[in-house]
Protein chains: 2
Amino acid sequence: MSATVKNTEKLILEAARKVFIHKGCAGARMQEIADEAGINKALLHYYFRGKDKLFEAVFLQAASTFLPAIKDVLERDMPFNQKIVLFVNTYVDVLVANPYIPAFVIQELNNNPAKFVGLLKNYGLNPRPMLLQIEQEIALGHIREMKADHFMVNLLGLCLFPFIARPVVKGILNMSEEKYQEFLIERKTEIVQFVKNSITVS
Amino acid sequence: MSATVKNTEKLILEAARKVFIHKGCAGARMQEIADEAGINKALLHYYFRGKDKLFEAVFLQAASTFLPAIKDVLERDMPFNQKIVLFVNTYVDVLVANPYIPAFVIQELNNNPAKFVGLLKNYGLNPRPMLLQIEQEIALGHIREMKADHFMVNLLGLCLFPFIARPVVKGILNMSEEKYQEFLIERKTEIVQFVKNSITVS
DNA sequence: AAGCGGTTTAACCAAGTGGTCAAATATACA
DNA sequence: TGTATATTTGACCACTTGGTTAAACCGCTT
């Protein structure tokens, strides 16, 4: 209200995101989204054509906030050591800044696996360059012998898991929200260390 | 029908599980569950009191198939090297045998974080013993210096991630269902190798 | 065959759902 | 100012939802 010009469309997207995240698409109610945005329900249909379209809009907006950074990292040509650092830092930073994304994606993934994978491929996201680089490094003897695809999945799992399973990990380790935030930041160096130790040839 | 005595209750649970898994609790329809089980909708209310209760029954049944094994591993007193192997093998084996669990848990996690964490703690699942063991091993100089909780999360992430994000990983790596199954089995040795390399003191 | 408990069914219901629409209001422009 | 255009609203609707209920069905004992 105050300083920001009231942009109804963005208002709706934000409200919809909030509701969709912890209710899911099926669990969310158009009325609840409208209430959250402080507007009339019919406006949702005025700006977006309906629930499905609104969900898709929210989802695409979410995707567009993290895909570019991810794509960039996967394709960037740089020394492997530095690339790992960049990879880890990018993933963790993006997710710390947008903590709602993982739950959102995983949710969509259950209901519509093919769609999301299609989106990724369609966007041009492709792990080939990095997989090749890993194999090269192995061939050159720079890093330990290992299967490239497993290494890739390891890296992803180390970065993403604490975000996906945030509530469990936080709960099990008995951490406050602030503590967990710190923990996630810490992980950047911790993961890099862990991975580097693991791949260094002895 | 044929050999098995028709046990309606189990029939319902199985049908409900199928539907709940890829529709979520909110997205699932009682009618669809009834159809899937080949029975009348009212029977669902006869055996279970309603949708919520039915979902809870399915969820608890799922939990009871993996919690015992996990709890056992966390508490088992054995040499650290062997424990890592057991840890990884247990998690991966349980999930290969029950591939529907991760999606189910993650789904429930979004809608009701506190409940699941409560269930875990209430069940007596507690990472303390293993965390302590890790710290001891470090103190004894058996493994590299590192933060125990990060190590724990690393281990979990390496094991669980490819199951949670199954469709993405499978899609991105362009694997068939059978190939991915093999990939998951492979991971048992791959993860153990990865972790051991990482923690071994140089 | 009659009676009885547990099981299964079809028909039904109230509440809530996404979606529509004409009217009201704000906004820009002449 | 007046008027056309875009935005916003309340009231409404057709339909689906989870849930209920009375009656039918089954397998049993007497």
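These numbers come from the heavy atoms of this one structure, side chains and all, not from hydrogens, waters or symmetry mates. Letters A, B, ... mirror the listed sequences (proteins, then strands); counts begin at 1. Note that the structure is predicted; figures quoted are calculated from it, not measured.
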- Query: Do B/Lys51 side-chain and D/dG19 base share a donor-acceptor contact under 3.5 Å?
  - Reply: no

- Query: In Å and rounded to the nearest 0.5 Å, what is the CG to SG distance from B/Asp52 to B/Cys25?
  - Reply: 6.0 Å

- Message: Can you measure B/Lys53 atom NZ to D/dG18 atom P for me and round it to whole angstrom units?
- Response: 16 Å

- Message: Under 4.0 Å, heavy atom to any atom of DNA chain D: which of residues 18-38 of chain B qualify?
- Response: B/Ala28, B/Arg29, B/Met30

- Message: Tell me the interatomic distance from B/Lys41, atom NZ, to D/dG18, atom P, rounded to whole angstroms.
- Response: 7 Å

- Task: Would you please confirm or rule out a distance under 4.0 Å between OP1 or OP2 of C/dT8 and any side-chain N or O of B/Thr8?
- Result: yes

- Message: Rounded at 0.5 Å granularity, tell me how far CG in B/Asn81 sits from NZ in B/Lys83.
- Response: 12.5 Å

- Message: In whole Å, I'd like the distance from the CG atom of A/Leu11 to the P atom of D/dT7.
- Response: 15 Å

- How would you label the contact of A/Leu44 with the nucleic acid (heavy atoms, under 4.0 Å): base, sugar-phosphate, or nothing? nothing

- Message: So, OP1 or OP2 of C/dT9: does either fall under 4.0 Å of a side-chain N or O from B/Tyr46?
- Response: no

- Message: Would you say A/Asn40 places a side-chain N or O within less than 4.0 Å of OP1 or OP2 belonging to D/dG10?
- Response: yes

- Item | Any donor-acceptor N/O pair, A/Lys121 side chain to B/Gly171 backbone, under 3.5 Å | yes

- Rounded to whole angstroms, how far apart are CG on A/Leu43 and P on C/dA26? 14 Å

- Item | Plane angle bin for A/Phe104 and A/Tyr100 - parallel if under 30°, tilted between 30 and 60°, otherwise perpendicular | perpendicular

- Give the rounded distance in Å between these two atoms: CD of A/Glu9 and C1' of D/dT8. 15 Å

- Message: Side chain of A/Tyr47 only, heavy atoms from C-beta on: which candidate in D/dT8, C/dG19, C/dT9 is closest?
- Response: D/dT8

- What's the NE2-P distance between A/His45 and C/dG19, to the nearest Å? 4 Å

- Message: What contact category does A/Phe48 fall into here, base, sugar-phosphate, or nothing, at under 4.0 angstrom with non-hydrogen atoms?
- Response: nothing

- With a 4.0 Å cut-off, would you call B/Lys18 and B/Glu14 a salt bridge? no

- Item | Any donor-acceptor pair under 3.5 Å from B/Thr200 side chain to B/Lys196 backbone | yes

- Does the side chain of B/Leu109 come within less than 4.5 Å of A/Ile106's, by heavy atoms? no

